[in-house]
Amino acid sequence: MNTTVSCELHLRLVVSSESSLPVPAGLRYDTADPYAVHATFHTGAEETVEWVFARDLLAEGLHRPTGTGDVRVWPSRSHGQGVACIALSSPEGEALLEAPARALESFLKRTEAAVPPGTEHRHFDLDTELSHILAES
């Protein structure tokens, strides 16, 4: 049986050192995909942007800078509060988001209760995933 952990939170899109915009977001973790966290960023009335992150990347980024390439995460402070900075890069552009560290920590703890770190392989059905990939070819 698969378990899903989700949370809604409000991120800040950093526009400049003096300005940021609110970005509602949803995070979803499914034990059927135990290595990943799916993020949905609500960018307009009905517009969304989807990203998938490694759960380990988000967890490590709460404590130290991590990631290379398209996704980088590091701890910081904003207005006296702990935040996780998430830098995203794609061919369409770049974004710097600030996520409240406490909300992210709480979400990650709930995912770790569902699938403890280091046990992801027990929840991943490689044969099923390979059959899906081969069926699409």
Side-chain angles (χ1 to χ4, degrees):
M1 183 170 117
N2 293 337
T3 300
T4 301
V5 177
S6 61
C7 102
E8 297 292 323
L9 61 153
H10 292 279
L11 308 179
R12 303 291 307 171
L13 173 65
V14 178
V15 179
S16 70
S17 60
E18 298 86 29
S19 179
S20 64
L21 300 170
V23 177
L27 300 179
R28 185 178 51 78
Y29 177 81
D30 190 327
T31 58
D33 190 5
Y35 294 100
V37 170
H38 297 258
T40 302
F41 303 105
H42 302 279
T43 58
E46 295 194 23
E47 299 169 19
T48 61
V49 176
E50 307 277 335
W51 279 76
V52 180
F53 308 105
R55 178 177 70 164
D56 291 348
L57 177 80
L58 290 177
E60 186 175 334
L62 287 170
H63 305 288
R64 69 188 64 70
T66 189
T68 58
D70 295 346
V71 181
R72 293 175 291 120
V73 183
W74 65 92
S76 190
R77 297 196 69 73
S78 178
H79 304 290
Q81 301 294 315
V83 296
C85 293
I86 303 170
L88 305 175
S89 178
S90 77
E92 288 79 33
E94 297 182 355
L96 175 58
L97 299 159
E98 293 179 341
R102 283 187 181 172
L104 199 51
E105 286 172 353
S106 175
F107 169 75
L108 289 169
K109 282 182 183 175
R110 292 187 294 130
T111 72
E112 291 169 359
V115 177
T119 67
E120 293 89 353
H121 65 282
R122 295 182 193 151
H123 299 268
F124 189 74
D125 186 349
L126 182 59
D127 292 333
T128 299
E129 294 303 318
L130 281 175
S131 68
H132 287 278
I133 291 169
L134 294 174
E136 293 174 5
S137 298

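No chain of hydrophobic side-chain contacts below 4.5 Å, direct or via other Ile, Leu, Val, Met, Phe, Trp or Tyr residues, connects Leu88 to Val14. Linking ILVMFWY side-chain heavy atoms closer than 4.5 Å, directly or via other members, places Phe41 and Tyr29 in a single hydrophobic cluster. Linking ILVMFWY side-chain heavy atoms closer than 4.5 Å, directly or via other members, places Leu57 and Val5 in a single hydrophobic cluster. By the rule that hydrophobic residues join a cluster once side-chain heavy atoms approach within less than 4.5 Å of another member, Val37 and Trp74 end up as members of separate clusters. Follow the hydrophobic side-chain contacts under 4.5 Å out from Leu62 and you never reach Leu96; the two are in separate clusters.
Residues Leu27 and Ala39 come closest through the heavy atom pair CD2-CB, 3.7 Å. Nearest heavy-atom pair across Trp51 and Ser89 is CH2-O, 3.5 Å. Scanning both residues, Leu97 and Leu11, for their nearest heavy atoms gives CD1-CD1, 4.2 Å. When all heavy atoms are compared, the tightest approach of Cys85 to Ser76 is SG-CB, 3.6 Å.
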- Query: After noting the C-alpha distance and the side-chain angles of Ile86 and Phe53, does the key distance pass the side-chain contact (heavy atoms from CB on, under 4.5 Å) rule?
  - Reply: CA-CA 11 Å; Ile86 303 170; Phe53 308 105; 4.3 Å; yes

- Carefully, step by step, assess Val83 and Arg12 under the rule side-chain contact (heavy atoms from CB on, under 4.5 Å). CA-CA 10 Å; Val83 296; Arg12 303 291 307 171; over 6 Å; no

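A side chain to side chain contact (heavy atoms under 4.5 Å, CB included) with Leu58 is found for one member of Leu108, Thr66, Val71 and no other, namely Leu108.
Other residues, nucleotides and ligands contribute more than 12 heavy atoms inside 6.0 Å of the NE2 atom of His63. For Arg110, the CZ atom sits in a packed shell: over 12 heavy atoms of surrounding residues, nucleotides or ligands are nearer than 6.0 Å.
For Arg55, the salt bridge (Lys or Arg N to Asp or Glu O under 4.0 Å) criterion is met by Glu120, not counting sequence neighbours. Every residue two or more places apart in sequence or in another chain that forms a side-chain hydrogen bond (donor to acceptor under 3.5 Å, both in side chains) with Thr40 is listed here: Glu50.
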